[in-house]
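All values derive from a computational prediction rather than experimental measurement.
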Amino acid sequence: MFIDRSMTKKVITVGPSTGVFEAREIMARNKFRHLPVVEEDGTLIGIVTDRDIRSALPSAFIGEEEIERERERLARLKVGDIMTRNPLTVSPENTIEDALLLIQRMHVGAFPVVDRHGKLRGILSIRDLVRAFINVLGIEEPGTFLCIVAEHKVGQLKKIVDVITEERISFGSVLVARHWEEGKRAIFTYLLTTNVIHVRKKLEAMGFTLLDPMKWSLDQLPRTGEEGPE
């Protein structure tokens, strides 16, 4: 799935000459934490966050004689003075998987999305990514998760799919994940039904192990792994 299908396209922006207090008010009113900073032609030049603004505000422990001086300083302070210049960005042609890896590695909460000319086209936040994966997994519809442990070899996933389709059950999604045992994979199926008793019995009779998805522990996963079964 490409970023341009998941990003927020109607982005509120500010210019470098916008006052810090005005930027803070915009963030509070719209309930977000990142503001792209653009030139008049839409070229991205920076990003300002709620953390940047908090850092610019005076300490709560300053003396009274300094308060007035700080007020005057803040009244003159502009977004361009505190923004992060040349922020990390993504392209509309990148995938949401690319964005997830970058967010994990770079510890940021949002990416401006820019085209090859540096013009802002949108912004991609963690909230956008969550919404995208909810759609991909189909979990907005009522259903049941099954966690099936299978051997890591060709044909295992087909066997599972065949059993489920024989029961005339529709899939919301299928996700293959690493397992802590060597040579094993965990296959998560989201089935659009709450009646999975017959499916469970058939899979167990075929030698598959079914786990409680709520007891799945990411801490037990290996740090490296191969691809899931085909």
Student: Would you call F133 and L100 a side-chain contact if the rule is heavy atoms closer than 4.5 Å?
Tutor: yes

Student: To the nearest 0.5 Å, what is the distance between OG1 on T49 and CZ on F32?
Tutor: 12.5 Å

Student: Transitively linked via ILVMFWY side-chain contacts under 4.5 Å: L102 with V108?
Tutor: yes

Student: Quick check: do S55 and I82 have side-chain heavy atoms less than 4.5 Å from each other?
Tutor: no

Student: What are the two closest non-hydrogen atoms of L35 and I12, and how far apart are they?
Tutor: CD2-O, 3.5 Å

Student: Whether the side chain of Y190 engages the backbone of G143 through a donor-acceptor N/O pair (distance < 3.5 Å, no angle test) should be reported.
Tutor: yes

Student: Check the pair D128 / S6 against side chain to side chain donor-acceptor pair (under 3.5 Å), numbers first and verdict last.
Tutor: CA-CA 6 Å; D128 294 321; S6 304; over 6 Å; no

Student: NE2 of H34 to OG1 of T84: how many Å apart, nearest 0.5 Å?
Tutor: 9.5 Å

Student: Would you confirm whether N30, through its side chain, and I26, through its main-chain N or O, come within 3.5 Å as a donor-acceptor pair?
Tutor: yes

Student: Within this structure, what is the CD-CD1 distance for the pair Q156 and I187, rounded to the nearest 0.5 Å?
Tutor: 7.0 Å

Student: Decide side chain to side chain donor-acceptor pair (under 3.5 Å) for D98 and T95; before the verdict, give the C-alpha distance in whole Å, the side-chain angles of both, and the deciding distance to 0.1 Å.
Tutor: CA-CA 5 Å; D98 296 330; T95 66; 3.1 Å; yes

Student: What pair of heavy atoms forms the shortest contact from L124 to M7, and how long is it?
Tutor: CD1-CA, 3.8 Å

Student: If you define the side chain from C-beta out and look only at heavy atoms, does anything of L44 sit under 4.5 Å from K119?
Tutor: no

Student: Quick one, S91 and D115 - any side-chain contact, counting heavy atoms below 4.5 Å?
Tutor: no

Student: Using modelled atom types and a 3.5 Å cut-off, is there a donor and acceptor pairing between side-chain atoms of T165 and backbone atoms of V161?
Tutor: yes

Student: Between K202 and E167, is the side chain to side chain contact (heavy atoms under 4.5 Å, CB included) condition met? List the steps.
Tutor: CA-CA 10 Å; K202 284 187 176 182; E167 292 293 319; 2.7 Å; yes

Student: Identify the heavy atoms of K78 and S17 that sit nearest to each other, and give their distance.
Tutor: CD-O, 3.2 Å

Student: Would you compute the distance between atom OG1 of T144 and atom CZ of R200 and round it to the nearest 0.5 angstrom?
Tutor: 9.5 Å

Student: Quick one: does I47's side chain get under 4.5 Å of R85's, heavy atoms only?
Tutor: no

Student: Which of these passes side chain to side chain contact (heavy atoms under 4.5 Å, CB included) with C147: D212, L211, T209?
Tutor: L211

Student: Which atom names give the shortest non-hydrogen contact between N195 and T193, and what distance separates them?
Tutor: N-OG1, 3.1 Å

Student: Are M83 and L120 linked, directly or through intermediate hydrophobic residues, by side-chain heavy-atom contacts shorter than 4.5 Å (ILVMFWY only)?
Tutor: no

Student: When rounded to the nearest 0.5 angstrom, what is the spacing between NZ in K159 and CD1 in I148?
Tutor: 13.0 Å

Student: Please check if M106 and I123 belong to a single hydrophobic cluster, counting links between Ile, Leu, Val, Met, Phe, Trp and Tyr side chain heavy atoms closer than 4.5 Å.
Tutor: no

Student: Could you check whether atom CZ of R131 has more than 12 heavy atoms from other residues, nucleotides or ligands sitting under 6.0 Å from it?
Tutor: yes

Student: Quick one: are V48 and M27 in side-chain contact, heavy atoms under 4.5 Å?
Tutor: yes

Student: Around F171, counting heavy atoms of other residues, nucleotides and ligands shown, do more than 12 lie under 6.0 Å from its CZ?
Tutor: yes

Student: Measure the CD-NE2 distance between Q104 and H107 for me, rounded to the nearest 0.5 Å.
Tutor: 8.0 Å

Student: Would you check if V163 and F208 make a side-chain contact, meaning some heavy-atom pair closer than 4.5 Å?
Tutor: no

Student: Could you tell me whether E151 and R185 have a side-chain N and a carboxylate O separated by less than 4.0 Å?
Tutor: no

Student: Of the non-hydrogen atoms in K31 and R127, which two are nearest, and what is the gap between them?
Tutor: O-NH2, 4.1 Å

Student: Minimum heavy-atom separation for F2 and E93, please, with both atom names.
Tutor: CD2-O, 3.1 Å

Student: Give the C-alpha distance, both sets of side-chain angles, the deciding distance and a yes or no for side chain to side chain contact (heavy atoms under 4.5 Å, CB included) between L146 and V199.
Tutor: CA-CA 10 Å; L146 294 182; V199 169; 3.9 Å; yes

Student: Any non-hydrogen side-chain atom of L137 less than 4.5 Å from a side-chain atom of F188?
Tutor: no

